[in-house]
Amino acid sequence: VLHIRPAIRDDLPAITAIYNEAIRTTTATFDTEPKTHEEQQRWFDRHGTQHPILVADDEGEVVGWACLSPWSDRPAYDVTAAFSFYVAEPHRGRGVGTQLLEALLAESRRLEYRSLIGCIAEGSEASLRLVERHGFVQAGQLREAGRKFGRLLDVRLLQLLLD
Ligand SMILES: CC(C)(COP(=O)(O)OP(=O)(O)OC[C@H]1O[C@@H](n2cnc3c(N)ncnc32)[C@H](O)[C@@H]1OP(=O)(O)O)[C@@H](O)C(=O)NCCC(=O)NCCS
């Protein structure tokens with residue numbers, strides 16, 4: 001059985017492996033170089049109680065992760081968070097991403113965020129469909145804002161207002 005729980009430091013190798021695979025093989029993240037364990041430790045330490053990291057734990061194996069991050073370091077934006085979620089390639093398409101997103105939405109409500117924003121790059125069709133099914137609405141589209149694998153890529157901003 002799959003369960004979603006807060007990440008602990010011991011999950012970092014699995015989280016990093018999933019993220020580095022996405023860096024290498026997808027346009028979902030605009031990171032282009034694999035993350036080192038030290039960079040990931042700093043990332044983990046920056047995510048305090050307002051910006052949880054969750055993992056999808058499948059019988060002890062971390063098969064996906066998700067997090068909230070600051071949208072901006074300017075304090076008036078503190079009512080808004082950005083979200084990310086990644087599922088290991090062999091585990092995609094069986095509902096893990098849906099469970100991670102729903103857990104992130106529950107955390108966002110508990111933390112009393114007013115708004116969540118996702119930046120979804122061209123080519124991330126599953127992600128776009130998943131967030132739209134959960135009520136996110138396109139708030140803008142940045143044209144050719146990044147370049148990866150030799151291609152210029154559009155980025156959509158998807159936003160959800162929370163009650
Ligand atoms: C986006 C991602 C997290 C989704 O996780 P997942 O576990 O595969 O998601 P689920 O199985 O819960 O559902 C995916 C939805 O997308 C659909 N989907 C899957 N692959 C798809 C594709 N290539 N094109 C269109 N839709 C697709 C599924 O059918 C499902 O929709 P449905 O429930 O309406 O049928 C995962 O695909 C992933 O890690 N992708 C690469 C990284 C990424 O894009 N991250 C998001 C960055 S913000």
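We count residues from 1, following the sequence as given. Every number for a ligand or one of its atoms is a count from 1 in the order of the listing.
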### Query
Taking atom CZ of Arg133 as the centre, does the number of heavy atoms from other residues, nucleotides or ligands within less than 6.0 Å exceed 12?
yes

### Query
Within the distance-only criterion (no hydrogens, no angle test), does the side chain of Lys35 pair as donor or acceptor with the backbone N or O of Ile23 below 3.5 angstrom?
no

### Note: Arg94-Asp58 ion pair, threshold 4.0 Å (strictly below)
yes

### Message
Salt bridge check, Arg156 against Glu122: does any charged N sit closer than 4.0 Å to a carboxylate O?
### Response
no

### Message
Under a 3.5 Å cutoff, is there a donor and acceptor pairing between the side chains of Thr80 and Tyr113?
### Response
no

### Task
Measure across Cys67 and His47 and return the closest heavy-atom pair with its distance rounded to 0.1 Å.
SG-CE1, 3.8 Å

## Note on the structure
Sorted by chain and residue number, the residues with a non-hydrogen atom under 4.0 Å of ligand 1 are Ala28, Phe85, Tyr86, Val87, Arg92, Gly93, Arg94, Gly95, Val96, Gly97, Thr98, Ser124, Glu125, Ala126, Ser127, Arg129, Leu130, Arg133

